[in-house]
Amino acid sequence: MELTVVPLHLNKKYMSSCCNLINDEWKRSETARMRSLECSSDTLPTSLIMLKDEEIIGHLKLSPIPSLRDACFVESVVIEKGLRGRGFGTVLMEKAEDYCRTYLQLKTIYLSTKGQEGFYSKLGYTECQPISIYGSYVPTASTDNIKTDSRNNEKSQGAPIPPPMPVNNFKTNMKTYMMKNLI
Ligand code: ACO
């Protein structure tokens, strides 16, 4: 059995079957789903697919987190219905972590789940505060927001980092947010 995990945008012949695989779990219009999958690229967002003997059996999407440039948010993790509970989801997640660590050079993976906490716990994910994947990139003080003001040659701060989402615990809308450090 040959098992590989590859980027969807480099294997476009699987676009339609990938759409069906995801829509079989989370129904959405084919047009909207295809538009989302077509966004996959070498930089985030990236859709990774799992192939077993050249048949697509799994998918996940790595999305950017505007406030954290060295992290990503994993979404839409799915294994074909008839093949669950055989370790394929574990392999898919482990290969995705390798891809994030080695190719994208990311340090942390975040995700949210409602019901699959046990699966991610076994993979080393722990509960964390909710994180927003909306908005545009906000540079951090430690990276590229130190700008030189050409008039007075003083260093000035960029836009402030938005405050954490106002929640009292780690569950929002019944979702559990989880994270894993890749180092
Ligand atoms: N709760 C507790 N343990 C679980 C769960 C769960 N919900 N799901 C799997 N496990 C365990 C398995 O029993 C197994 O344990 P073992 O190593 O002791 O035998 C271990 O986790 C690994 O299981 P796999 O066989 O690798 O998982 P699988 O191939 O079934 O893939 C997946 C897991 C992706 C969650 C699959 O069941 C699926 O596609 N589910 C439907 C879609 C879904 O809910 N996706 C997750 C959405 S959340 C997100 O995308 C961030």
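If you read the sequence from its start, that first residue is 1, and numbering goes on from there. Scope of the values below: all heavy atoms of this structure, side chains included, with no hydrogens, waters or symmetry mates. One-based numbering, in listed order, for ligands and for the atoms of each.
With no hydrogens or angles considered, a side-chain donor-acceptor pair links Asn23 and Arg33 at under 3.5 Å.
Looking at Glu2 and Lys52, no side-chain N of the basic residue comes within less than 4.0 Å of a carboxylate O on the acidic one, giving no salt bridge. With respect to Arg101 and Asp98, a salt bridge is recorded, a charged nitrogen being found less than 4.0 Å from a carboxylate O.
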Full working for salt bridge (charged side-chain N to carboxylate O under 4.0 Å, His left out) between Glu127 and Lys180
CA-CA 9 Å; Glu127 284 195 36; Lys180 180 174 179 177; over 6 Å; no

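Contacts between Glu117 and ligand 1 below 4.0 angstrom, taking non-hydrogen atoms only, are absent altogether. In Gln116, the parts holding a heavy atom less than 4.0 Å from any atom of ligand 1 are both the side chain and the backbone. Neither the backbone nor the side chain of Lys114 comes within 4.0 Å of ligand 1, counting heavy atoms alone. Neither the backbone nor the side chain of Leu92 has any atom closer than 4.0 Å to an atom of ligand 1 (non-hydrogen atoms only).
The NE2 atom of His59 sits 4.5 Å away from atom SG of Cys18, with the distance rounded to the nearest 0.5 Å. From Cys100, atom SG reaches atom NZ of Lys95 across 14.0 Å, with rounding to the nearest 0.5 Å. Taking CE of Met179 as the start and OH of Tyr125 as the end, the distance is 10.0 Å to the nearest 0.5 Å.
Which of Lys122, Arg84, Arg86 comes nearest to atom 37 (O) of ligand 1 through a heavy atom is settled by distance: it is Arg84. Proximity annotation for atom 30 (O) of ligand 1: of Gly85, Gly89, Ser112, Gly85 comes nearest, heavy atoms only. The closest non-hydrogen atom to atom 21 (O) of ligand 1, taken over Phe119, Tyr177, Trp26, Phe73, comes from Phe119.
For Val77, a nitrogen or oxygen atom sits less than 3.5 Å from a nitrogen or oxygen atom of ligand 1, counting backbone and side chain alike. Every N/O-N/O distance between Glu25 and ligand 1 stays at or above 3.5 Å.
Close approach to Glu75 involves these atoms of ligand 1, each under 4.0 Å from a residue heavy atom: 50 (O). Taking every heavy atom of Gly115 and a limit of under 4.0 angstrom, the matching atoms of ligand 1 come to 7 (N). Which parts of ligand 1 touch Thr90 is read off a 4.0 Å heavy-atom cut-off, strictly below it: atoms 22 (C), 23 (O), 24 (P), 26 (O). For ligand 1 and Gly87, the ligand atoms under 4.0 Å from any heavy atom of the residue are 24 (P), 25 (O), 26 (O). Listed by atom number, the atoms of ligand 1 under 4.0 Å from Val78 heavy atoms are 39 (O). In the vicinity of Ser76, heavy-atom distances shorter than 4.0 Å reach the ligand 1 atoms 50 (O). Remark: ligand 1 atoms within the under-4.0 Å shell around heavy atoms of Phe88 are 26 (O), 29 (O). Close approach of ligand 1 to Val74 (heavy-atom distance below 4.0 Å) involves ligand atoms 51 (C).
Ranking the protein heavy atoms by distance from atom 48 (S) of ligand 1 puts Tyr120 OH, 3.4 Å first.
Ring geometry for Tyr177 against Phe73 counts as tilted: the plane angle lies between 30° and 60°, on a 0 to 90° scale.
Enclosure of atom NZ in Lys13 is not indicated, since only 12 or fewer non-hydrogen atoms of other residues, nucleotides or ligands lie within 6.0 angstrom. Few gaps surround CD on Glu25; more than 12 heavy atoms of other groups in view lie less than 6.0 Å from it.
Taking both residues in full, the closest heavy atoms of Pro66 and Tyr134 are given as CG-O, 3.2 Å, listed atom of the first, atom of the second, then distance.
Atom 19 (O) of ligand 1 is not flagged as protein-proximal [any protein heavy atom, distance under 4.0 Å].
Not one N or O on the side chain of Lys107 forms a donor-acceptor pair closer than 3.5 Å with the backbone of Ala71.
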